[in-house]
Chemist: 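Have a look at this one.
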Amino acid sequence: MSDPSFSWSVELPSRGARPAGGRRARAELRISSGVGGDELLTVPVTVGRRLADLSKSDTGPASRAELLYRLGDASRSCAHARMEELVGRRDYSAHELSSRLLEDGYSHVVVESVVGRAREVGIVDDARFGAAFARSKVLSGWGRMKIERELRRRGVDPLDVPGWPEEFATEDEERERALSLASRRRLSGKNDYQKIARFLCARGFSPGLATSVAREVLAGESEAR
């Protein structure tokens, strides 16, 4: 049944528009109907463009219900395309990917659907992401604590990464990595112990390891003199 009071329009943000707070620009969907009254919805710009094209079509929605159905369909399609664009550049954890899509303006329902499907088919795999992330950061000289902290920040439990931490870096290898980094530090003769320990802690090594390595480096420096 048609609604004679039903009307709708889409307003796209001006080129280069930057909303306050660092939020991404959004398109605005205005709906007027006897069912919902006057409504204002914000949608991702890509979805807004789809709706703008639809508004010019002779087969546009004839009711609020049909418009919302078309909106959901366009949102899922655009979110899926955005997901493929992102993972085409690098691997993402499910949490990271969800956050990016939410920042773009997609609803929680759409994001859960798209990311959930990506996990089902293996496009997104937290264990794979976690292993690759941990391996690269070990090679970059990060300590175990920082790697685990950053994995959790990305929504990945380190315990879910196969082989972590033993297969990535043993305790001896962790110590050698810390010692190698500390040995490159230029010593000034003033508060060197504290500076080395703080440096290693900032790199993600445990306080116990950081202080032990600091003592070893300074002892070696004293013997060299």
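Atom set for the values below is all heavy atoms of this structure, side chains included, hydrogens, waters and symmetry mates excluded.
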Chemist: Side chains of Ser180 and Arg184: donor-acceptor distance under 3.5 Å anywhere?
Modeler: yes
Chemist: Taking 4.0 angstrom as the limit, do Glu96 and Arg100 come out as a salt bridge?
Modeler: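 No, Glu96 and Arg100 are not salt-bridged.
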Chemist: Can you find a pair of side-chain heavy atoms, one from Leu218 and one from Leu187, that are under 4.5 Å apart?
Modeler: yes
Chemist: Consider only side-chain heavy atoms of I, L, V, M, F, W and Y, link residues closer than 4.5 Å, and tell whether Leu101 and Tyr92 are in one cluster.
Modeler: yes
Chemist: In plain terms, say whether Arg89 and Glu85 are close enough for a salt bridge, that is, a side-chain N and a carboxylate O under 4.0 Å apart.
Modeler: yes
Chemist: Do you see a donor-acceptor pair shorter than 3.5 Å between the side chains of Glu84 and His80?
Modeler: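 Looking only at side-chain atoms, His80 and Glu84 do form a donor-acceptor pair, the distance falling under 3.5 Å.
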Chemist: When you group the ILVMFWY residues by side-chain heavy-atom contacts below 4.5 Å and let the links chain together, are Val217 and Leu209 in the same group?
Modeler: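 The answer is yes; both residues are in one hydrophobic cluster.
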Chemist: Are there more than 12 heavy atoms of other residues, nucleotides or ligands under 6.0 Å from atom OH of Tyr193?
Modeler: yes
Chemist: Heavy atoms, side chains only, cut-off 4.5 Å: are Arg82 and Pro44 in contact?
Modeler: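 The answer is no; the side chains never approach within 4.5 Å.
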Chemist: Output, in order, the C-alpha distance, side-chain angles, deciding distance and verdict of side chain to side chain contact (heavy atoms under 4.5 Å, CB included) for Leu41 and Leu71.
Modeler: CA-CA 11 Å; Leu41 306 177; Leu71 170 61; 4.1 Å; yes
Chemist: Arg203 versus Trp142: any side-chain heavy-atom pair under 4.5 Å?
Modeler: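 Yes; the side chains approach each other to less than 4.5 Å.
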Chemist: Is any NZ, NE, NH1 or NH2 atom of the basic residue among Glu66 and Arg70 found under 4.0 Å from an Asp or Glu carboxylate oxygen of the other?
Modeler: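 Salt bridge: yes.
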Chemist: Do the side chains of Arg154 and Asp126 get close enough for a salt bridge, i.e. N-O under 4.0 angstrom?
Modeler: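 Not counted as a salt bridge, because no side-chain N and carboxylate O are separated by less than 4.0 Å.
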Chemist: Tell me which one of Phe133, Phe168, Phe129 satisfies side chain to side chain contact (heavy atoms under 4.5 Å, CB included) with Val161.
Modeler: Phe168
Chemist: Would you check, one step at a time, whether the test side chain to side chain contact (heavy atoms under 4.5 Å, CB included) holds for His95 with Ser98?
Modeler: CA-CA 5 Å; His95 176 75; Ser98 295; 5.8 Å; no
Chemist: With distance as the sole criterion, is a donor-acceptor pair present between the side chains of Tyr106 and Thr46 under 3.5 Å?
Modeler: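 Yes, side-chain donor-acceptor contact under 3.5 Å.
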Chemist: I'd like to know whether CD of Glu171 has more than 12 heavy-atom contacts from other residues, nucleotides or ligands below 6.0 angstrom.
Modeler: no
Chemist: Assigning hydrophobic clusters by single linkage (Ile, Leu, Val, Met, Phe, Trp, Tyr; side-chain heavy-atom cutoff under 4.5 Å), is Val45 placed with Val114?
Modeler: no
Chemist: Establish whether Leu139 and Leu151 are linked, either directly or via other cluster members, by ILVMFWY side-chain heavy-atom contacts under 4.5 Å.
Modeler: no
